[in-house]
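Inspection log for the structure reproduced underneath, given as structure tokens.
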There are 2 protein chains.
Amino acid sequence: MNMGTTKTEIFTEQQNQMAQMAKALGHPARIAIVQYLLKQDTCICGDLVLEIGLAQPTISQHLKALKTAGLIKGNIEGTSTCYCLDYEKWDVMKSLLSPLLNLETDNNTNCC
Amino acid sequence: MNMGTTKTEIFTEQQNQMAQMAKALGHPARIAIVQYLLKQDTCICGDLVLEIGLAQPTISQHLKALKTAGLIKGNIEGTSTCYCLDYEKWDVMKSLLSPLLNLETDNNTNCC
DNA sequence: TTCTTTTATTGTAATATTACGATTAATAAA
DNA sequence: TTTATTAATCGTAATATTACAATAAAAGAA
């Protein structure tokens, strides 16, 4: 059977997309990478290895996860790869997640 | 060794918090639960079993994950448990994640 | 060409996640 | 008290994730 695997077929495309983007941010190393890119605009893998302190293959793995989710782009430049945020995808994420995040805090009167 | 485990000690408290909250939203079933609670204010486990279509222990497991992350609260009422969003925690999440989500889209000039 | 630099990939060990059947626990109803 | 009703927990199978050593690949420097 397909145990251990998420049943994506019973959810909407939108729900799967939202979950995928949230999942991509669901590791502190990937949060740190995004924060670094926000500050520096671009970076190469080696920068992050020094900054974060995980092994190079581990950083490379996290970069791949962010790239697969579409949150970053990578361009090969000589021996290194230049990474940056994919702002178009971040706009999509923002529009999908803002209905969840922009909650009315004073709704908690009708709570259990 | 501690292989397979996230090295939380090399990250800031804030980075770990952000990752934990994002991770809690990183599954379509948990997105669906949050969306349901946004629409209905409160619900019990059985409502979600009917609405989502996963087995009762699976829904219960996802509710526990959201509760552990602090995103929902649960109050026992007779034989059932009444769940709702924890708006205070959502405020924390909003303030932590908004620096990431409120990006200037026209920054992509200095990208690679 | 040979050596260096940089990153991606492969392989693997340890742990975490997902899903569900079976069972338990706890309250309500008969 | 006996019988539902409801949800949590336990156990477990299948898969996914995390971390890193070792290696490969690809471009630049000597």
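Each of A:L66, A:L71, A:I72 was compared with A:L85 under the side-chain contact (heavy atoms from CB on, under 4.5 Å) criterion, and only A:I72 meets it.
Two residues are said to be in side-chain contact when any heavy atoms from C-beta on lie closer than 4.5 Å; A:L63 and A:C45 meet this criterion. Side-chain contact between B:K67 and B:D86 is absent, with no heavy atoms from C-beta onward closer than 4.5 Å. Here the side chains of B:K73 and B:K89 are not in contact, with every heavy-atom distance at 4.5 Å or above. You'll find the side chain of A:L100 reaches within 4.5 Å of the side chain of A:M18, heavy atoms only. Between B:V34 and B:L25, some side-chain heavy-atom pair lies under the 4.5 Å cut-off.
Comparing A:P57 and B:T79, the nucleotide of DNA chain C nearest to each residue sits closer to the 5' end for A:P57. Mapped onto DNA chain D by nearest heavy atom, A:G53 and A:G78 fall at different nucleotides, with A:G53 at the one closer to the 5' end.
Residue contacts for B:I76: at a heavy-atom cut-off of 4.0 Å it reaches no nucleic acid atom on any strand shown.
In this structure, CE of B:M3 is placed 16 Å from C1' of D:dA16, rounded to the nearest angstrom. To the nearest angstrom, C1' of C:dT7 lies 9 Å from CD1 of A:I44. Computed from coordinates, the A:E77 CD to D:dA26 C1' distance equals 15 Å when rounded to whole Å. Going from atom CD1 of B:I72 over to atom C1' of D:dA7 covers 13 Å, rounded to whole Å. Here D:dT18 presents its P atom at 13 Å from CD1 of A:I52, a figure rounded to the nearest Å. When the C1' atom of D:dA24 is taken as reference, atom CD of A:Q56 falls 12 Å away, rounded to whole Å. Counting to the nearest Å, the P atom of C:dA26 and the CG atom of B:N75 are 18 Å from each other. One atom, CG of A:L54, and another, C1' of D:dA21, lie 15 Å apart when rounded to the nearest Å.
Of the residues in residues 13-34 of chain B, those with a non-hydrogen atom less than 4.0 angstrom from any atom of DNA chain C are B:K23, B:H27, B:R30. Interface residues of residues 58-66 of chain B facing DNA chain D, ordered by number: B:S60, B:K64; criterion, heavy-atom separation under 4.0 Å.
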| message | Apply side-chain contact (heavy atoms from CB on, under 4.5 Å) to residues A:K64 and A:T68 and explain how you reach the verdict. | response | CA-CA 6 Å; A:K64 193 177 183 181; A:T68 300; 4.3 Å; yes
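Picking from C:dT27, C:dA13, C:dT15 the nucleotide with the shortest atom distance to the side chain of B:T5 gives C:dT15. Nearest to the side chain of B:T6, among D:dA19, D:dA27, C:dA19, sits D:dA19.
The side chain to side chain donor-acceptor pair (under 3.5 Å) search around A:Q15 returns A:T12, B:Q35, not counting sequence neighbours.
Residues A:P99 and A:S95 approach most closely at CD-O, 3.2 Å, considering heavy atoms.
Side-chain N/O atoms of A:Y83 include one lying less than 4.0 angstrom from OP1 or OP2 on C:dA8. For D:dT5, the OP1/OP2 oxygens have no side-chain nitrogen or oxygen of B:S80 closer than 4.0 Å.
Counting non-hydrogen atoms of other residues, nucleotides and ligands closer than 6.0 Å to CD1 of A:I76 gives a total of 12 or fewer.
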